[in-house]
Protein chains: 2
Amino acid sequence: MPRRSQAEAARTHDAILDRAVTVASTHGLEGLTIGRLATDMRMSKAGVIGHFGSKERLQLEALDRAIDDWRAAVWDPVAHEEPGLPRLLAIARRWSEFLGDCPFPGGCFLTAASFEFDDRPGPVRDRVREALALWLRVLAADARRAGLDDPDQIAFELNTIAMGTNSAVRLQEDPTAARRCRRAMERVLTR
Amino acid sequence: MPRRSQAEAARTHDAILDRAVTVASTHGLEGLTIGRLATDMRMSKAGVIGHFGSKERLQLEALDRAIDDWRAAVWDPVAHEEPGLPRLLAIARRWSEFLGDCPFPGGCFLTAASFEFDDRPGPVRDRVREALALWLRVLAADARRAGLDDPDQIAFELNTIAMGTNSAVRLQEDPTAARRCRRAMERVLTR
DNA sequence: TTACGTTACGAACGATCGTTTGCTATTTTC
DNA sequence: GAAAATAGCAAACGATCGTTCGTAACGTAA
């Protein structure tokens, strides 16, 4: 295959990332391999890695892509809601829907990455941690605005519910998980 | 190294499993490799795998060991408590202590395995799922005994809190996570 | 039109993966 | 005491890992 134009190369880059996010959602960011990605994309390994320089940078770009996707799916639809309890309730609804019917075949990418890298120092872990910490601050800020007691505890609880729900959906294949998730979150918010 | 007696071989077997559980708690059951295990144990790869037959059987034995350890650390100390709310509160205390100060360097093994294998069919996933389902039934039974509304929802919520707490402890290195975990569980039980 | 930059390839690198084979040394069994 | 069973090793298997190299083909800018 000959060289493509720069515009086409950018599309190739994107397509590789799409595939990377899909594969990593089930096999993990570490289980993601250049060779498999190359086969899937009908490219050479060198052609794939050439777009990123190293596997770690590929992992980081895939992670950023997944974060963007997540924000677009969960945060953007509710960002316009009134800050405080109304927005928290909207988040509870949207978040649990997202977990119950996830766009990635392996469930929530960020939850999986959290557990995969929680004990492995490096830029991937740092990035996951940063994204999660930001989200916890967003939740706590709205909880404070809503006048709820101990906003950090509220944020903590909402996040644990979401992570556990991912497991209930994927591992236990519990069809009621999304409903239970929303119910649990609403209980936290309205007690 | 010459052959050892059967009693010594059993000890070797156990020592390999100990190491396997430790390594897998941070690197995952898939990141666990025979070669690394052999180096750690100062054995040959063949000597290691000879005890288990295949990597998958090693994974399953390590998983069973981790399940036993977990039960000894969390369930056994509270099993004698009065079934119902008293035991659930004891579980909340013991479980959150366990999560905050885990014997494995990589945090709760079962939580990690849940997320690692939740989308990968096979005996490992089946075993994790079975163990978790059993635990959920135990929790729900006590919740029912306690007269709590929707016992399955209670079990679901307690489990999500535990899983999320593991992430807060490991990834966020949140020193208040264990306390928040216990508080969240008690709120679920006494509302 | 020429020169340069870049995409992507094929091939190879050393390392490591899980597993198998052949063997030795020892324990266990008869 | 002879024979069978077995723990563990050394070496090698083919496969795959991430990465590097040289090169061809093409787009882009001078």
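In the text below, chain A, chain B and the rest are named by the order of the sequence lines, each starting its count at 1.
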query: Has A:Thr12 got a side-chain N or O lying under 4.0 Å from the OP1 or OP2 atom of C:dT7?
result: no
query: Residues in ring pair (Phe, Tyr, Trp, His ring centres under 6.0 Å) with A:Phe104, at least two apart?
result: none
task: Not counting sequence neighbours, list each pair that qualifies as a side chain to side chain donor-acceptor pair (under 3.5 Å) and has a residue in residues 72-93 of chain B.
output: B:Arg87-B:Asp142
statement: Contacts satisfying side chain to side chain donor-acceptor pair (under 3.5 Å) that involve residues 98-122 of chain B (not counting sequence neighbours) are A:Arg170-B:Asp119
Contact pattern, 5' to 3', of nucleotides 16-23 of chain C - B, S or - by protein heavy atom under 4.0 Å: -BBBB---
- prompt: With a 3.5 Å cut-off and no angle check, do the side chains of B:Glu61 and B:His51 form a donor-acceptor pair?
  reply: no
Results of salt bridge (charged side-chain N to carboxylate O under 4.0 Å, His left out) for A:Arg94 - residues two or more places apart only: A:Glu97
B:Pro123: side-chain contact (heavy atoms from CB on, under 4.5 Å) partners, not counting sequence neighbours: B:Glu56, B:Leu60
Sequence neighbours excluded and cut-off under 3.5 Å, please list the side-chain donor-acceptor pairs for residues 181-191 of chain A, or say none.
from	atom 1	to	atom 2	distance (Å)
A:Arg182	NE	A:Glu186	OE2	2.9
A:Arg183	NH1	B:Asp150	OD2	2.5
A:Arg183	NH2	B:Asp149	OD2	3.4
A:Arg187	NH1	B:Glu157	OE2	3.3
A:Thr190	OG1	A:Glu186	O	2.6
A:Arg191	NH1	A:Glu157	OE1	3.4
A:Arg191	NH2	A:Glu157	OE1	3.2
A:Arg191	NH2	A:Glu157	OE2	3.4

statement: Students should find that the end-to-end axis angle of the helix from C:dT1-D:dA30 to C:dC30-D:dG1, with five pairs defining each axis and rounding to 10 degrees, is 10°
- request: Rounded off to whole Å, could you give me the CZ-to-P distance for the A:Arg11 and C:dT7 pair?
  value: 14 Å
Set of residues satisfying ring pair (Phe, Tyr, Trp, His ring centres under 6.0 Å) with respect to A:His27, sequence neighbours excluded: none
